[in-house]
Each structure stands twice: as C-alpha cells, then as structure tokens.
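Note that ligands are numbered from 1 as they come in the structure, with each ligand's atoms numbered from 1 the same way. Scope of the values below: all heavy atoms of this structure, side chains included, with no hydrogens, waters or symmetry mates. Since the structure is predicted, the reported quantities are computational estimates derived from the model, not experimental observations.
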Amino acid sequence: MFLSGRHFLQIPGPTNVPERVSLAMARAVIDHRGADFPELALRVFGNLRKVFATENPVLIFPSSGTGAWEAALVNALSPGDKILVFETGHFSTLWKDLAQKLDLQVIWVAGDWRRGIDPEVAGAHLRQDSGIAAVLAIHNETSTGVTSDIAALRAAMDACGHSALLLVDAISSLACSPLPMDDWGVDVVISGSQKGLMLPPGLGFNAVSAKALERAGHSRARNAYWNWQAMLNNNRQGYFPYTPATTLLYGLDEALNMLLEEGMHNVFARHARHAKATRAALAAWGLENVCVNAHEYSDSTTAILLPDGHDADRLRKIILERFNMSLGTGLGKLKGRCFRIGHLGNFNDLMLAGTLSGVEMGLKLAGAPYCAGGINAALDILANGETN
Ligand code: PLP
C-alpha cells in the first residue's frame with residue numbers, strides 16, 4: 001500500500017537522521033590513508049570529547065553498540081575477573097550474557113525491570129568484596145525507560161574507597177541527558193551512533209579514562225580488532241588501524257556540529273521537555289509508566305504498560321498500518337505488555353505532538369482502555385516551553 005508523507009520513526013533508536021547529516025554523507029568515499037583524512041578525524045575526536053564531556057580519548061569502532069560493549073570488556077578486564085552487574089532490563093541482561101561468554105565472573109543483582117540501580121545495594125556488594133574489578137551500569141535502560149543515577153553510584157563506590165572500574169553504557173543517553181564523564185568519574189563510557197548522535201547505526205564508541213587504560217595494559221583478555229592501544233596509537237596521528245566507516249564519519253562530523261551549535265545544555269533541556277510532555281499524555285490517558293520512580297524517568301524513552309489482556313504489539317501494528325508510525329516493541333519479559341515511545345535525537349515539539357496523536361488514535365482503534373485528553377496535556381507543556 002502506498003503511504004504518502006514521511007514515516008514516523010519513534011522507536012528509541014535508531015532515530016531520525018537530520019537532513020544536514022544525510023547531506024554530509026552524500027559525498028564520494030575518501031582515502032582513509034590520504035593526507036587530508038586526519039583533518040576530519042582530529043576535528044571529530046575533539047568535538048566528540050566535548051559531547052562526552054571528557055578530556056579522555058573517545059575511540060570510534062565500526063560497530064554496533066554491542067561491539068562497543070565487547071570492546072570495553074576485552075580491554076579493561078581479564079577472563080576470571082569479578083564484575084558487578086545490575087538487572088535493570090533487557091540490555092543489562094544482554095551485556096551480562098556477553099560478559100559471561102567472555103569468561104568474566106558476574107555478580108548479578110536481580111531487579112524487577114522497573115527501577116534503576118540502587119547505589120546502596122552496590123555499596124553493600126562492594127564493601128563485602130574488595131576483589132570486584134568493575135561495576136557495569138546501563139545509564140538509560142532503553143527497554144524500560146528507566147535511568148540510573150550514575151553520580152550516586154560513583155559516590156557509593158567512593159564511599160567505600162573501592163578501586164573497581166565504573167563502566168557505563170550511555171548508548172541511549174549520550175547527547176540526550178547529562179553524563180559528564182570526568183566530573184562523575186566514569187572510567188569507560190560506551191555508546192553508539194544511532195540514538196542521541198542522530199546518525200545511522202554503524203559506529204560504536206568507548207571513551208576511556210587513564211585508569212581504564214592503565215588496567216588495559218595488564219589485561220590477559222584476547223583482543224585484536226577491539227584493541228584500545230592500537231586504536232589510540234593510530235588516532236593520535238588522525239588515522240585508524242583499519243578501514244574506518246569513512247562515510248559515517250562525515251555524518252558524525254556534521255551531527256557533532258549540530259549538537260554543539262544547539263548547545264548541550266539546550267539539547268538536554270529539549271529532551272527533558274519532550275519526556276515530560278510524553279508523561280503528561282500518559283498520565284491523562286490513565287496508562288502506567290514502566291518506570292516507577294519519578295527521579296529515574298528517562299529523557300530518551302517512555303515505556304508504557306497496557307492493562308492485562310491488551311496486547312501492546314497489536315496496538316503497535318494498528319498504529320503502523322494506519323498512521324505509518326513505528327513505536328518500540330516490548331523487549332524480553334515485557335514483550336507484548338508495553339510499547340515504547342522514543343523521544344530522542346533529532347526531534348522537536350511538533351514531531352512529538354504528531355507522535356502522541358498517533359498513539360492516542362491508535363489506543364482508540366485498538367479498543368484499549370484509556371481516557372481522552374493526553375494530547376492536550378502534552379500540548380500545554382510544549383506550548384509553555386517548560387524545561388523541567
Ligand atoms: N545498550 C543499550 C542501552 C541499547 O539501547 C542498545 C540497543 O538499543 C544496546 C546496548 C545494543 O546496541 P546495538 O543494538 O547497537 O548493538
């Protein structure tokens with residue numbers, strides 16, 4: 001069936017690619033070993049550091065976010081190392097599974113997929129075990145729309161003087177909500193291109209502290225493609241140890257320009273406003289947020305539960321077929337029970353208004369129990385330009 005107008009891609013990543021970024025990539029492929037290449041690469045490295053809020057190097061791998069997870073683990077840690085991981089949702093579970101495949105010894109703190117990391121629980125584990133080599137945290141659990149308080153987690157680690165590394169997945173929080181790497185003492189920030197950075201999928205990032213780099217020097221893990229040191233040695237000259245995703249780097253260059261032009265403070269405020277307006281709609285509809293704690297609401301994603309007996313995937317299908325909008329599916333144990341609205345990346349007030357209208361019309365068509373009026377509640381917030 002022919003559908004006119006543009007598709008609404010409202011999954012929590014990949015996100016909508018701005019025209020400026022698409023046009024920046026519509027260029028001939030260049031020689032990544034040529035004399036001109038370092039100018040692009042070094043500019044990108046410099047601007048990436050601004051967006052990651054760090055003086056540390058930010059390494060770029062041609063990979064998805066999962067590759068960036070693996071890169072962090074096979075450099076910073078050694079097989080047999082003990083790591084502390086929290087079950088916040090689907091992505092923390094996947095990262096834990098990956099760590100186990102790499103022969104890391106996982107201490108798994110069970111959770112109900114509706115709350116973030118409890119810093120007190122983290123502190124209790126760390127006090128009991130000085131041998132924990134790293135704490136792994138998902139900043140924004142994309143499967144649940146729950147954000148963990150990384151500054152509080154760092155404070156809990158510092159309070160017991162623990163030497164564990166802090167590895168943070170910022171795949172769906174980078175350039176959406178603040179994660180000042182240096183100020184918060186994060187040792188490795190892991191991210192990907194396809195969410196807040198507004199690019200197509202295909203780039204994975206590791207921002208690496210001096211402490212993490214020092215640990216990597218003693219790692220017994222086997223790594224080759226993901227090796228930080230080889231990457232760093234080449235990056236210093238503006239090159240890569242193998243063929244980088246040159247076309248995506250053009251796009252990244254432009255995406256970073258856009259973020260810095262808007263100003264990171266404004267980028268964060270915009271995401272917070274859209275998240276707040278989405279929650280206002282949700283409250284008016286009388287539907288339940290997966291995230292139960294107000295201080296853990298996500299600025300990037302809102303996951304919405306449907307009452308028992310109502311299939312969230314059927315609702316998504318109706319909305320896709322009637323209104324040409326993709327919403328995020330429930331993942332793992334939330335499959336069929338929730339749908340997710342991505343309000344991150346290249347996004348503005350009217351895009352959110354359209355998105356919420358599609359959801360409200362879909363709820364009606366699906367026969368889901370809801371109260372009308374969500375749109376107006378959201379529009380009030382958008383019209384006021386409220387930021388918090
Ligand atoms: N971590 C988080 C928080 C994610 O949202 C995702 C993907 O959505 C991943 C990791 C995995 O990234 P990828 O699918 O790019 O491998």
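Side-chain N/O atoms of W69 and D169 include a donor and acceptor closer than 3.5 Å. One side chain, H139 or S173, offers a donor N or O that lies under 3.5 Å from an acceptor on the other. In this model, a donor atom of one side chain and an acceptor atom of the other lie less than 3.5 Å apart for T329 and D313. Defined by atom type and a distance below 3.5 Å, a donor-acceptor pair is present between the side-chain atoms of H343 and T302.
The protein non-hydrogen atom at the shortest distance from atom 11 (C) of ligand 1 is T66 OG1, 3.7 Å. What sits closest to atom 10 (C) of ligand 1 on the protein, heavy atoms only, is W69 CZ2, 3.2 Å. The nearest protein atom to atom 8 (O) of ligand 1, hydrogens excluded, is given as K195 NZ, 2.8 Å; this is a heavy-atom distance. Nearest protein heavy-atom contact of atom 7 (C) of ligand 1 is F91 CE2, 3.4 Å. The protein atom (non-hydrogen) at minimum distance from atom 1 (N) of ligand 1 is D169 OD2, 2.7 Å. The shortest contact between atom 3 (C) of ligand 1 and any protein heavy atom is with T142 OG1, 3.1 Å.
For F240 and H32, the gap between ring centers reaches or exceeds 6.0 Å.
For the pair S64 and ligand 1, the shortest N or O to N or O distance falls below 3.5 Å. At least one N or O atom of G65 sits closer than 3.5 Å to an N or O atom of ligand 1.
Taking the side chain as every heavy atom from C-beta outward, Y225 and M231 never approach each other to under 4.5 Å.
Ligand 1 does not have W95 within reach: every non-hydrogen atom of the residue lies 4.0 Å or more from it. Remark: distances from the non-hydrogen atoms of N140 to ligand 1 include one below 4.0 Å. Under a 4.0 Å heavy-atom criterion, Q194 is in contact with ligand 1.
By the 6.0 Å and 45° rule, R6 stacks over the aromatic ring of F8. Figure legend: cation-pi geometry between R27 and Y250, with NZ or CZ positioned under 6.0 Å from the six-membered ring centre and within 45° of its axis.
The atoms of ligand 1 that sit less than 4.0 Å from any heavy atom of I171 are 1 (N), 2 (C), 4 (C), 6 (C), 9 (C), 10 (C).
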